[in-house]
Amino acid sequence: MHQTATQNQASHLSESLLDVELRKVFKVFNGETAVRAVELSVQQGEFFSILGPSGCGKTTILRLVAGFETPSAGEVLIRGQAVNHIPPYRRPVNTVFQSYALFNHMTVRENVAFGMRIKGHGKNEIESRVQQVLDLVKMQSFANRYPAQLSGGQQQRVALARALVNRPAVLLLDEPLGALDMKLRKEMQMELSNLHRELGVTFIMVTHDQEEALSLSDRIGVMREGKIEQVGSPSEIYEYPQTSFVADFIGETNLLQGRTQHIDRTSLEVLTDSGVPLLVQSEQPWNAGYKQLEVVVSVRPEKVQLSLYPPHVEANCFEGRLRNVMYMGTHVYYVVRLNSGDDITVWQPNTVGELPGEDTPIYVYWAATDCIALPA
C-alpha cells in the first residue's frame, strides 16, 4: 500500500555502482534451507546492516559474501564480478568476527601486518600502512603489546585494523560488538560510525541488536527464516514496517489483531478481536484489498498518551487500569489493562512529579496517524 523511499530508489540501484549483489541466492545445509531466494543490493560506501533473530540466515549471507560458503543456487557479485567460485583470499573483502580471532603469540603490530605479509607486500609498504591503520583506530601506543594484555575494546580495534590494512572494497562485520559490555559497546558504535565516515568503505554488518542497527546503518535488511522481509532506511523500517514481524521485531510495539470494517480513501476502521474499535489514517490511499481483511494494527509505546481524566478525542481512546509502572530513569514504562482485556504498553518521558500507582483508573489514546495497519 505505502510507497516508501526504498521503493522509489529501487529503480536507481541498477544505475548506481553496487559493491555487493545477491541474485536469488539459496543455501542448503543437509537438506535444510538456510537462505531462500535472497535478492540484495548494497551500494558503494553504504553502511548496510542485516538484522534478525538467531537462526534466520543472516550470518550465512555474510559467509556467502566472504567466500566461506558457496551458494546452492543463485549468484553473488562483488563490484559486478560473479564470485561464486572465487576463494575468500582472492575477494576484495575482509571480515571482523565477534571473537576477534587474533593471534595470541603475535604483537598488535604483527597481527595487523600478517595479511599483508602473506600477500607478499614489501617491508616499507607494510610498515607504512600498519602505522596508518593503528593511528586510525587509536592503537599506535599499544603496537608492541600482545592480545592478552589488551581489553575487549582494544582487541576489537586491532581486529578492525587488521581487516582495514588490506584496503578491502567491503568490510564484513559479524556481530562485531557482541562480546563487549554495554558502555564499551556504545563507545565502539561511535568508533565504527566515525571509521565508516572517514574511510568511505562499504560496511556490511550482521547483528541481532536492533538499536545498534538503527543507530549505525544507512539501510537495514530485516531477515526471517532465510528470507529478507524488508529493506529500508532505519526510519522507514521503524515507522513504516511492511509486515507484523518487522513491526514486532524492530523496537517495541503494541499489536492489536482484528478485521477491517470500513474503508475510505485515507481512513481505515478496524474492530479488534476483543471488540475495540480503531481508526487508522494514512497519507497514502488505502488499497481496496484491505476491505474485510484480517489485519494487525501496530502502535508504538511512545506514541500512546495517558490521562487520568477523559481526554477530548473522538477516536482511539480507551479506559483501563494501570497494571504496571516501572521507573527507567530517562522515561517511565507503563502497562495499562484496557476494559476490553487488552494490555497496552506506554513509554513517557520522565517528568518531575509523583507517578500514579498500580490499579489507578486511566485513559490511553493515540492519533489515528500514529498507528499502522498490516495484513495479519
Side-chain angles (χ1 to χ4, degrees), residues 19 44-49 59 62-63 65-68 78 87-207 209 212 215-216:
D19 266 353
Q44 188 172 6
E46 190 171 25
F47 197 130
F48 190 95
S49 291
T59 296
L62 208 70
R63 292 177 63 82
V65 176
F68 302 136
I78 299 176
Y89 62 87
R90 288 185 54 205
R91 299 188 185 195
V93 303
N94 273 100
T95 307
V96 177
F97 300 97
Q98 181 178 344
S99 62
Y100 312 141
L102 301 176
F103 299 116
N104 289 323
H105 63 287
M106 292 184 182
T107 65
V108 166
R109 190 188 306 279
E110 290 166 342
N111 264 284
V112 175
F114 180 78
M116 291 189 70
R117 287 206 176 97
I118 290 295
K119 292 184 177 182
H121 290 275
K123 183 180 177 181
N124 290 340
E125 185 184 5
I126 291 174
E127 287 181 0
S128 173
R129 276 166 58 177
V130 167
Q131 187 61 41
Q132 284 177 3
V133 295
L134 287 178
D135 288 343
L136 190 65
V137 299
K138 302 177 179 64
M139 287 297 291
Q140 59 270 49
S141 60
F142 299 89
N144 295 318
R145 292 195 187 182
Y146 290 88
Q149 298 172 307
L150 304 175
S151 69
Q154 290 167 340
Q155 290 184 41
Q156 177 63 274
R157 286 186 172 91
V158 177
L160 282 166
R162 188 177 60 181
L164 292 169
V165 78
N166 290 312
R167 296 179 177 170
V170 181
L171 184 66
L172 305 175
L173 302 151
D174 187 8
E175 300 275 7
L177 310 181
L180 305 179
D181 63 52
M182 183 60 71
K183 185 176 180 182
L184 190 53
R185 191 170 184 142
K186 295 285 187 190
E187 291 176 9
M188 287 304 298
Q189 285 176 7
M190 290 296 296
E191 295 284 349
L192 270 181
S193 180
N194 292 337
L195 271 175
H196 176 254
R197 194 162 47 246
E198 286 181 43
L199 295 169
V201 172
T202 301
F203 281 22
I204 302 178
M205 180 177 73
V206 156
T207 182
D209 187 310
E212 193 166 277
S215 62
L216 290 175

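All of these numbers come straight from a predicted model, not from anything done at the bench.
By the side chain to side chain contact (heavy atoms under 4.5 Å, CB included) test, Thr59 pairs with Arg63, Asp174, Val206, sequence neighbours left out. For Lys138, the side-chain hydrogen bond (donor to acceptor under 3.5 Å, both in side chains) criterion is met by no residue, not counting sequence neighbours. Remark: Ser151 pairs with Gln154 by the side-chain hydrogen bond (donor to acceptor under 3.5 Å, both in side chains) rule, at least two apart or across chains. For Arg90, there are no side-chain hydrogen bond (donor to acceptor under 3.5 Å, both in side chains) partners, not counting sequence neighbours. Annotation: side chain to side chain contact (heavy atoms under 4.5 Å, CB included) contacts of Ser215 (sequence neighbours excluded): Gln189.
Going from atom CE of Met139 over to atom CG of Leu150 covers 5.0 Å, rounded to the nearest 0.5 Å. One finds the CD atom of Glu198 at 10.5 Å from the CG atom of Leu164 (value rounded to the nearest 0.5 Å). The distance from atom CG of Leu192 to atom CG of Leu173, rounded to the nearest 0.5 Å, is 6.0 Å. Once rounded to the nearest 0.5 Å, the distance linking CD of Gln140 with CD of Gln132 reads 12.5 Å.
Applying the ring pair (Phe, Tyr, Trp, His ring centres under 6.0 Å) definition to pairs two or more places apart or across chains, those involving residues 111-155 are Phe103-Phe114.
Side-chain atoms of Arg109 do not come within 3.5 Å of backbone N or O of Ala143 as any donor-acceptor pair. Counting only distance, with no hydrogens or angles, the side chain of Arg162 and the backbone of Gly115 share no donor-acceptor pair below 3.5 Å.
Scanning both residues, Val65 and Ile78, for their nearest heavy atoms gives O-CD1, 3.8 Å.
Ring geometry for Phe203 against Phe47 counts as tilted: the plane angle lies between 30° and 60°, on a 0 to 90° scale.
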